[in-house]
Amino acid sequence: MDFIATEPLCENPAPTEDTVISDGWFPNIDLVQMRAVMRLDGTITPIRLKTAVQGAVIQVNQELHAWQQTQQEAGFTSLAHIPSPTIDGQSILVWYYVRAVSHVSVAELQSQYRDFASTHKGCEHAEGLESRIEEERRLARCALRALLQKTAITAELI
């Protein structure tokens with residue numbers, strides 16, 4: 001049996017039309033992988049997916065801007081270069097970043113599909129989507145807090 005050596009996987013592969021290119025410090029987002037992981041079907045057009053992911057990257061990058069500057073001042077040239085545990089060879093910080101972008105993207109896409117029809121069935125559909133949108137936003141916040149290594153707090157009003 002022969003083994004053929006291949007090039008190692010780079011941390012930020014060359015972009016294709018199915019990639020949203022981040023700022024160079026945060027990783028690029030592979031839209032094909034995102035579509036598969038987030039279980040987005042063909043009703044989400046490629047341009048709608050790309051637009052939602054671009055918005056999510058902007059939002060997440062803005063939320064992490066001050067933290068990013070601190071990391072850059074400490075000498076880290078990318079998110080992937082910050083020492084952290086890995087899973088399947090990937091930094092968990094990168095994993096959390098991609099997860100946050102994914103959930104923000106899905107929340108955006110679902111908010112576009114809310115049905116505010118005046119029928120009872122339309123209202124029930126809109127209410128169901130609203131709870132899913134909030135769940136996606138909650139998951140995005142959890143990923144961001146984990147990336148920033150902040151604890152999650154659950155509080156309930158009595």
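Predicted, not measured: the structure shown is a model, and the values here were computed from it.
- Under a cut-off of 6.0 angstrom, the local environment of CD in Q33 is sparse, with at most 12 non-hydrogen atoms contributed by other residues, nucleotides or ligands.
- Side-chain N or O atoms of N28 include one that pairs as donor or acceptor with a backbone N or O of S22 at under 3.5 Å.
- Atoms CD1 and CD, on I82 and Q72 in that order, are 9.0 Å from each other to the nearest 0.5 Å.
- A side-chain donor-acceptor contact under 3.5 Å links D23 and Q68.
- By the 30° and 60° cut-offs, the orientation of the rings of F26 relative to Y97 is parallel.
- T86 and S91 form no side-chain donor-acceptor contact under 3.5 Å, judged by distance and modelled atom types alone.
- Looking at E135 and R138, a side-chain N of the basic residue comes within less than 4.0 Å of a carboxylate O on the acidic one, giving a salt bridge.
- Following chains of ILVMFWY side-chain contacts shorter than 4.5 Å, one cannot reach I29 starting from I58, and the two form parts of different hydrophobic clusters.
- Note that CD of Q71 and CZ of F76 are 6.0 Å apart. Values are rounded to the nearest 0.5 Å.
- A donor-acceptor pair under 3.5 Å is formed between the side chain of R35 and the backbone N or O of I44.
- A donor-acceptor contact shorter than 3.5 Å links the side chain of D30 to the backbone of V32.
- Rounding to the nearest 0.5 angstrom, the gap separating the OG atom in S84 from the OH atom in Y96 is 9.5 Å.
- Screening N61, V106, V60 for a side-chain contact (heavy atoms from CB on, under 4.5 Å) with V101, the sole residue that qualifies is V60.
- Remark: the backbone N or O of R48 is not paired with any side-chain donor or acceptor of T51 at under 3.5 angstrom.
- To the nearest 0.5 Å, the span separating CD1 on I92 from CD1 on I87 amounts to 8.5 Å.
- Shown here for E136 and M38, the closest heavy-atom pair between the two residues is OE1-CE, 4.0 Å.
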